Amino acid sequence: MMNEQNRKMELLGNAPIPRALLSLGLPTMTGMLINALYNLADTWFAGWLGTDQMGAVTVAFPLGQMVVGLGLLFGNGAAAYLSRLLGRGDKDTADKTASTAVYGSVLTGAVFICCALIFLKPVLGRLGALESVMPYALSYGRIYVACSIFNVFNVAMNNIVSSEGAAKMAMWALVAGAGLNLVLDPVFIYGLNLGVSGAALATAFSQMVSTAIYLRYIFRKKSVFHFRLRDCRFSGEILWEIMKIGVPTLLFQVLTSLSIGMVNSGAREYGASALAAMGPVTKMMSMGTLVVFGFLKGFQPIAGFSYGAKRFDRLYEAIKISLLWSTAFCVLFGSGAALFATRIMSLFTRDDGEMIEIGAAALRACGLSFFFIGFYTVYSFLFLVMGRAKEGCFLGACRQGICFLPAIWLLPARWGLKGVIYAQPAADVMAAVIAGFMALSLHRRLKAFGQREEEHRFC
């Protein structure tokens, strides 16, 4: 076990940056891609049931993502701090932080889920469910939301495990759940004739499998950290370190969920086909975003470790390579979505031509604006891992909040359905511009800080 832990520390602190990024980023990216594919599979299988069933999965999706945000609140918040603690060699505080994050995420998630189930019908209505969609949305949502407690734990563990450099383990936990979901979806939906409830059950069983894999990892003591109840410390210092990074991450996730809900609500005004069209578009673009996030999960511990150890040359190299690679992927993915938009949308319906036309227009617009997501995400992550909570919170809120809200309020009022379609792309471009200005300021500060450290070292 000690050799494995030493290998992880070597990877974070001394391995060449390209190899470290690939070793840490590719497994997580692969896992998240497969995870996104099984979310897309729910939409695909539900789409063949009918437009209303597709609408049900579409309106429930943002609620599930909001629940997942609680896992990110504790998991991502702890991960940034844990990377810095490992860089400093403070193992005792790292154990306490990891334990607090895991137990805190499950407790908070359980409370939120109970409240969500009590008010499920009005919440789904606010998220865009039409009267014809509501029965299916309730059938899907009750199971999907209740069982998302497993996903809260999985997301928290995914971030914590990634922070210690065990990216392959995090990948296999995601891959196992995703693979099972792809098998169970057609069995439950069509074989057992459970309809949209079958899609939710398939997702639930898949999340349970991922949970079992993480528990096995904990109990076999393969982690750098110890997850003990007695180490759980809801102290001011640990909570502050978790929350100052976790709250911006949660805010980002909540705003993402709300933005999806607002797009759904805006599309609902133009009929069931417009509402259903937003589902595949959202899942497709979420898939691309999750790939970027997954890859940059490899960047996150390297940046945090390097910053904590004051290895600024290594930090600069990680930023440069991450920007190059993530932007290249975004351009390729966005171009593919734009060029093959009609063909992609036709996979999700039997004969709803209106849904295909609306969805293809939205997918083209979102594909082109996706070019900027890699640049934006690198700096969103960077501010957080450096512990700069205010800047990280502001930048995290830009794309789906500060820039999106004016767009979704103003554009539909002027251009109708086209305004709904172009609201998110417009927000993407504005957020990238803001990130550019903030990046220039950050690099000036990093340069000055690095110079002070060099002067101190030679004194």
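Computed from a prediction, not measured in an experiment: that's the story for all the values here. As a basis for the values below, the full set of heavy atoms in this structure was taken, side chains included, without hydrogen atoms, waters or symmetry mates.
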Output field: ring centroids [X]/[Y] closer than 6.0 Å:
| X | Y | result |
| --- | --- | --- |
| Y140 | Y144 | yes |
| F74 | Y103 | no |
| F383 | Y379 | no |

Notebook entry, point to check: Hey, are N181 and D185 close enough side-chain-wise for a donor-acceptor pair under 3.5 Å?
Noted result: yes
Look at the side chain of [X] and the backbone N and O of [Y], then say whether any donor-acceptor pair between them is shorter than 3.5 Å.
| X | Y | result |
| --- | --- | --- |
| N159 | A79 | no |
| S105 | F153 | no |
| S265 | R126 | yes |
| N151 | C147 | no |

Note to self: Under the criterion side chain to side chain contact (heavy atoms under 4.5 Å, CB included), I'd like the reasoning laid out for F437 against V433: C-alpha separation, chi angles, the key distance, then a yes or no.
What the structure shows: CA-CA 7 Å; F437 284 109; V433 172; 3.8 Å; yes
Notebook entry, point to check: Closest heavy-atom contact between L363 and A337?
Noted result: CG-O, 3.8 Å
Next item on the list: Taking all heavy atoms of L70 and all of G109, pick out the closest pair and write down the distance.
Entry: CD1-CA, 3.7 Å
Notebook entry, point to check: What pairs with F333 under ring pair (Phe, Tyr, Trp, His ring centres under 6.0 Å), at least two apart in sequence or on another chain?
Noted result: F329, F370
